[in-house]
Amino acid sequence: PYIQDRYLVNGSLKKWEGKFTEIVSPIFEATPEGTLVQKSIGSIPDLGKKEALEALESAYTAYDKGRGAWATMKVEERISCVEKFAEMMLETRDEVVKLLMWEIGKPYNESCNEFDRTIEYINDTIVALKAMDRADSKVQKSDGIYAQIRRGPLGVVLCLSPYNYPLNETFCLLIPALIMGNTTIFKPARHGILLLSPLLKAFQTCFPKGVVNLIYGSGRTLATPIMKSGKVDVLALIGNSKSANILQEYHPKKNRLRLVLGLEAKNPGIVLPDSDIDLAVKECLLGALAFNGQRCTALKILFVHEDVVQEFNQKFVEELAKLTVGLPWDSDVNITPLPEPTKPAYIKELIDDALNLGAVVLNKGGGDSLKSFVNPAVLYPVNNKMRVYEEEQFGPVVPIVSFSDIQEPLDYISESNYGQQVSLFSKNASSLAPLIDSLVNQVCRVNINTKCQRGPDVFPFVGRKDSAVSTLSVHDALRTFSIRTLVAFRSN
Ligand code: G3H
């Protein structure tokens, strides 16, 4: 087990002598008697308010109202710190991948992909920053005034990352924040936390003291006093809107706070009568169930035209039956244990509610569970009385709605609290122009004949309504975590 007994504050890896929280794997193991037991894989410090404020003071002092060494350092020097960090991080690949499997049940290939994609993200950020620095620092002239335009940091960033992409989404926030000269306090999610242990040394070695502070414990205990201090300039959170709303309210000068939020979504797939059904089935299956549906970008409800719904459902269930259930290290596995202990019961509630209101589970064994495993369930016909119609399931349930008039899915999208993405399936993509034009005003990405997803990471990742605030991508995040400043002078 990983006994993580140190946390990073003010450049030192402090030893924690207080209470610890045990981390258990979602993977159950059989005892010699055949009983299934959950495996303890380590523990993390359960830090308190004192340590949270210590981390805050460390980040605040290192930033020193923009006068700190990190904020005033030349861009090239900050880049070389990040390059060194990426080099050290590469050495941890095997260990981090192993922990991604044990802690959050992510299949081996997807865990490798998350690691490699993160390294690529860091490298692409460096390239993008060099290009942006050249473009943004050119001098503009107008009416006899020359202005040198620069990009400056914002200050202290409180960063809270999610469990489903504990590495990639963490670094999509941290790296752009750091490279632009901000200082950070980082509190990871409870699941997928031990995998940061192999990186602690790299954080400590590559960044000046106080620039990265990593604390462990409950979000409420740690983030509340940090936000109440009024010393946080950016709240960068990927997770749920409830926490985001509570935390921003604590800030005494809310209008000074920049929000970078990646929140819930209920992305619909719309299968039109002229779709290539085989393609729609393949994309919707992967879109809905990759990593057991635990992605904000997952397709969370499918609207299928009544003329093709029988064919679609039959093929969907056939393809679903080919997915393999197993442990993360089994080869080509698709369905793995769920890390959130309450998730199987929640999924069962959604299924039972839909069944009571007239839906059926189309696939054999759909919804069956064993401890942390839940066999994906395809629910049909789903209607607006059922909880799964609106709630973001963030798990292995696929609700299918049959529609006769395109207005039904369009109304669903316009009335939804969320506005991230939609996927449209049709063989006549050129006829979709008016539909696309209206949808881009409702969501932030319209996918044609392809599932919803975040990547490629160079594309802007953004959402409307309760789905997101600010734009994240390799390029956009550099602007999200910085502000334009000018030095203007008269020439004569
Ligand atoms: O939970 C949201 C993640 O950003 C999903 O990313 O679509 O690239 O798998 P992805």
Side-chain angles (χ1 to χ4, degrees), residues 78-79 82-83 85-87 89-90 92-93 96-97 100 104 106-107 109-133 135 151 157 159-180 182 184 186 188-189 192 195-196 199 234 236-239 260-263 265 267 283 286-287 290-291 294-299 419-423 443-448 450-464 467-482:
R78 285 203 297 264
I79 287 177
V82 173
E83 279 170 341
F85 177 81
E87 258 168 51
M89 183 171 159
L90 264 178
T92 68
R93 187 178 188 272
V96 172
V97 164
L100 273 163
I104 60 162
K106 190 167 276 196
N109 288 342
E110 290 174 43
S111 296
C112 292
N113 181 267
E114 177 163 353
F115 189 96
D116 298 339
R117 176 183 180 181
T118 306
I119 293 284
E120 201 179 325
Y121 190 97
I122 298 176
N123 292 333
D124 288 351
T125 298
I126 293 170
V127 174
L129 177 57
K130 287 179 180 167
M132 186 178 85
D133 203 43
R151 264 199 178 267
V157 179
C159 169
L160 299 130
S161 60
Y163 80 81
N164 60 339
Y165 286 77
L167 189 70
N168 181 262
E169 292 200 331
T170 295
F171 285 97
C172 289
L173 300 175
L174 268 188
I175 294 299
L178 288 169
I179 214 162
M180 295 312 290
N182 303 284
T184 58
F186 166 39
L195 59 90
L196 294 162
L199 294 165
V234 185
L237 178 152
I238 298 185
V260 182
L261 307 176
L263 307 169
N267 297 331
E283 289 294 311
L286 204 59
F291 193 38
Q294 300 166 117
R295 298 159 56 240
C296 65
T297 48
L299 281 169
Q420 194 199 74
Q421 308 186 35
V422 59
S423 285
V443 296
C444 283
R445 175 164 164 170
V446 180
N447 301 281
I448 320 296
T450 177
K451 62 188 185 301
C452 297
Q453 59 189 19
R454 183 156 55 99
D457 291 337
V458 290
F459 289 175
F461 183 59
V462 63
R464 295 173 187 273
S467 285
V469 179
S470 291
T471 309
L472 287 173
S473 76
V474 165
H475 306 274
D476 291 286
L478 296 172
R479 296 185 166 85
T480 295
F481 285 101
S482 63

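Between Asp124 and Asp457 the shortest side-chain heavy-atom distance does not fall below 4.5 Å. The side-chain heavy atoms of Ile104 and Gln294, taken from C-beta on, include no pair separated by under 4.5 Å. By the 4.5 Å heavy-atom criterion applied to side chains, Leu174 and Val157 are not counted as neighbours. Contact annotation: the side chain of Arg93 approaches that of Cys112 to within less than 4.5 Å [non-hydrogen atoms, C-beta and beyond]. Contact check for Cys444 versus Phe461: no side-chain heavy atoms found under the 4.5 Å cut-off. Side-chain contact between Arg295 and Arg454 is absent, with no heavy atoms from C-beta onward closer than 4.5 Å.
Nearest heavy atoms, Ile179 versus Arg78: O-NE, 2.7 Å. Shortest non-hydrogen contact noted between Glu110 and Lys106 is CB-CG, 3.8 Å. A pairwise comparison of heavy atoms in Leu472 and Asp476 identifies C-CB, 4.3 Å as the closest pair. The two atoms that bring Gly192 and Pro166 nearest to each other are O-CB, 3.3 Å, heavy atoms only. Heavy atoms only, all atoms of each residue included: Ser467 and Gln420 are closest at OG-N, 3.7 Å. Residues Glu114 and Asn164 approach most closely at OE1-O, 4.0 Å, considering heavy atoms.
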message: Test side chain to side chain contact (heavy atoms under 4.5 Å, CB included) on Phe115 and Thr92; report intermediate values, then the result.
response: CA-CA 10 Å; Phe115 189 96; Thr92 68; 3.8 Å; yes
task: Take Lys130 and Ile79, measure what side chain to side chain contact (heavy atoms under 4.5 Å, CB included) needs, and give me the verdict at the end.
output: CA-CA 9 Å; Lys130 287 179 180 167; Ile79 287 177; 3.9 Å; yes
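Looking at Thr480, Val260, Thr184 one by one, the single match for side chain to side chain contact (heavy atoms under 4.5 Å, CB included) with Leu173 turns out to be Val260.
A distance of 5.5 Å separates CD of Glu169 from SG of Cys296, quoted to the nearest 0.5 Å. Once rounded to the nearest 0.5 Å, the distance linking CG of Asn447 with CD of Glu283 reads 9.0 Å. Distance check, rounded to the nearest 0.5 Å: CE of Met180 to CZ of Arg151 gives 6.0 Å. Rounding to the nearest 0.5 Å gives a distance of 7.0 Å between OG of Ser161 and CG of Leu196. Atom CD of Glu83 and atom CD1 of Ile126 lie 4.5 Å apart (nearest 0.5 Å). Distance check, rounded to the nearest 0.5 Å: CG of Asn123 to OG1 of Thr118 gives 11.0 Å.
Judged by distance alone, with hydrogens and angles left aside, the side-chain atoms of Gln421 form no donor-acceptor pair with the main-chain N or O of Arg445 at under 3.5 Å. For Asn182 (side chain) and Phe481 (main-chain N/O), a donor-acceptor pair under 3.5 Å exists by modelled atom type. Within the 3.5 Å criterion, the main-chain N or O of Val458 finds no donor-acceptor partner in the side chain of Tyr121. Under the 3.5 Å distance criterion, the side-chain polar atoms of Ser423 are matched with a main-chain donor or acceptor of Thr450.
The ring-ring contact (aromatic ring centres under 6.0 Å, His included) test applied to Phe85 returns Phe171, Phe203, Phe207, not counting sequence neighbours.
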